[in-house]
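Every chain is numbered from 1, with letters handed out A, B, ... down the list of sequences.
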Amino acid sequence: MPLSVATWNINSVRLRMPIVERLLKEQAPDVLCLQETKCPDDLFPFEPLRAAGYRHIEINGQKGYHGVAIIARRPIEIVERRDFCDKGDCRHMSVRIAAGAHSVLLHNFYVPAGGDEPDPDINWKFKHKLDFVDEMRSVPSMTPGFSASILVGDLNIAPHVNDVWSHKQLLNVVSHTPVETEGLEAMRELGGWVDLMRVRASPEEKLYTWWSYRARDWKLSNRGRRLDHIWSSANISASVSRLDILSAARGWERPSDHVPVIATFELD
DNA sequence: ATGGTAGGACGCCTA
């Protein structure tokens with residue numbers, strides 16, 4: 001039985017409803033995990049999503065900043081909305097979803113961007129980012145009560161050399177500094193997580209999910225980064241039949257600066 | 001080395 005899971009940093013869910021509906025219509029993922037909804041819970045646009053066939057919706061939003069949501073056309077059950085770093089930020093939620101004989105724990109993360117200066121001593125936002133990734137070490141890929149796990153989201157870190165347009169030029173740029181990339185990789189390996197996008201590509205292949213708004217022509221300059229990720233527990237990593245980065249969505253009407261990534265698992 | 005654009009909420013912070 002296939003289970004398709006999409007992740008997308010939407011940069012204001014209310015403003016982007018037209019392209020959210022387009023994605024649901026064209027790709028019809030079973031589950032869509034959104035980050036940066038920038039929407040208080042009482043203003044969340046439930047109705048157009050239900051009308052699109054997505055009747056199972058769990059949200060964790062706040063006014064103005066951050067915010068995550070999970071939108072599904074199959075039943076989901078909220079597991080947790082966890083406040084990493086105890087700041088009151090809405091940056092995580094997890095749900096249970098049944099797929100075949102599996103009971104899957106799905107995590108949706110929005111990791112702090114970290115500001116501009118990659119020095120935790122003078123930039124509290126960068127320290128917060130490093131602390132957040134440290135705390136993610138407590139999220140393993142195998143959890144009692146679940147047979148498998150999937151972790152998606154905007155992790156705001158591009159861990160590999162070919163996850164950025166220029167490894168050399170971005171080594172001291174927040175999102176690709178060694179303290180971040182090594183920290184994220186160590187956390188991932190400790191938890192037994194498989195980086196599905198990277199294991200399915202060759203190490204030489206450039207993979208991007210984000211292109212800055214500040215470029216004159218995002219496609220022409222193509223200075224992208226892979227900030228968005230789909231991981232799974234090792235026991236279902238080989239069941240992935242498709243993994244698509246919908247780069248074209250960067251060119252849709254009033255786009256997010258991130259594009260959707262969709263993985264399909266064939267689970268018995 | 002710098003500045004470039006976008007969103008939320010309404011002067012300025014965040015990405």
task = Round to a whole Å and report the spacing from CD of Q62(A) to C1' of dT14(B).
result = 12 Å
message = Tell me whether the side-chain N/O atoms of R16(A) come closer than 4.0 Å to OP1 or OP2 in dG7(B).
response = yes
request  = Mind running a 4.0 Å heavy-atom check of residues 212-221 of chain A against DNA chain B and sending the residues that fall below it, in number order?
outcome  = Y213(A), R214(A)
inquiry  = Output the rounded distance in Å from NZ (K38(A)) to C1' (dA15(B)).
reply    = 7 Å
ask   = dC10(B) and dT14(B): how far apart are their C1' atoms, nearest whole angstrom?
value = 15 Å
Between dC12(B) (P) and Y65(A) (OH): distance, integer Å = 12 Å
inquiry  = Taking the basic N atoms (NZ, or NE/NH1/NH2) and the acidic carboxylate oxygens, is any pair closer than 4.0 Å for D89(A) and K87(A)?
reply    = no
note = From CD1 of I10(A) across to P of dA6(B) the rounded distance in Å is 16 Å
inquiry  = Can you measure D228(A) atom CG to dA15(B) atom C1' for me and round it to whole angstrom units?
reply    = 13 Å
task = May I have the distance from H258(A) (atom NE2) to dT14(B) (atom P), rounded to whole angstrom?
result = 17 Å
ask   = If you measure from the P atom in dA15(B) to the same atom in dA1(B), how many Å do you get, rounded?
value = 24 Å
inquiry  = With a 6.0 Å cut-off (strictly less than), is the heavy-atom count around CG of N172(A), excluding the residue itself, greater than 12?
reply    = no
task = Kindly state which residues belonging to residues 172-185 of chain A come within less than 4.0 angstrom of DNA chain B, counting heavy atoms of the residue only, listed by number.
result = none
request  = Whole angstrom is fine here: how far is it from CD in Q35(A) over to P in dA15(B)?
outcome  = 14 Å
message = Whether the N11(A) and E36(A) side chains hold a donor-acceptor pair (N or O, under 3.5 Å, no angle test) is what I'd like checked.
response = no
request  = Please answer: with hydrophobic residues joined when any side-chain heavy atoms are less than 4.5 Å apart, are I76(A) and V13(A) in the same cluster?
outcome  = no
Along DNA chain B (nearest heavy atom to each residue), the more 5'-positioned of R14(A) and K125(A) = R14(A)
query = What orientation do W252(A) and W8(A) show, parallel under 30°, tilted 30 to 60°, or perpendicular over 60°?
reply = perpendicular
ask   = Does the side chain of S4(A) pick up a donor-acceptor pair with the side chain of D30(A) at under 3.5 Å?
value = yes
5'-most by nearest nucleotide on DNA chain B - K63(A) or D257(A) = K63(A)
inquiry  = Regarding R198(A) and E185(A), does a basic nitrogen lie under 4.0 Å from an acidic carboxylate oxygen?
reply    = no
ask   = Side chains of S175(A) and E180(A): do they bring a donor and an acceptor to under 3.5 Å?
value = no
query = P atom, dC12(B) versus dT2(B): distance in rounded Å?
reply = 24 Å
inquiry  = With clusters defined by side-chain heavy atoms of hydrophobic residues (ILVMFWY) lying less than 4.5 Å apart, directly or transitively, does Y65(A) cluster with L34(A)?
reply    = no
ask   = Tell me: NE2 of H66(A) to P of dT14(B), nearest whole Å?
value = 9 Å
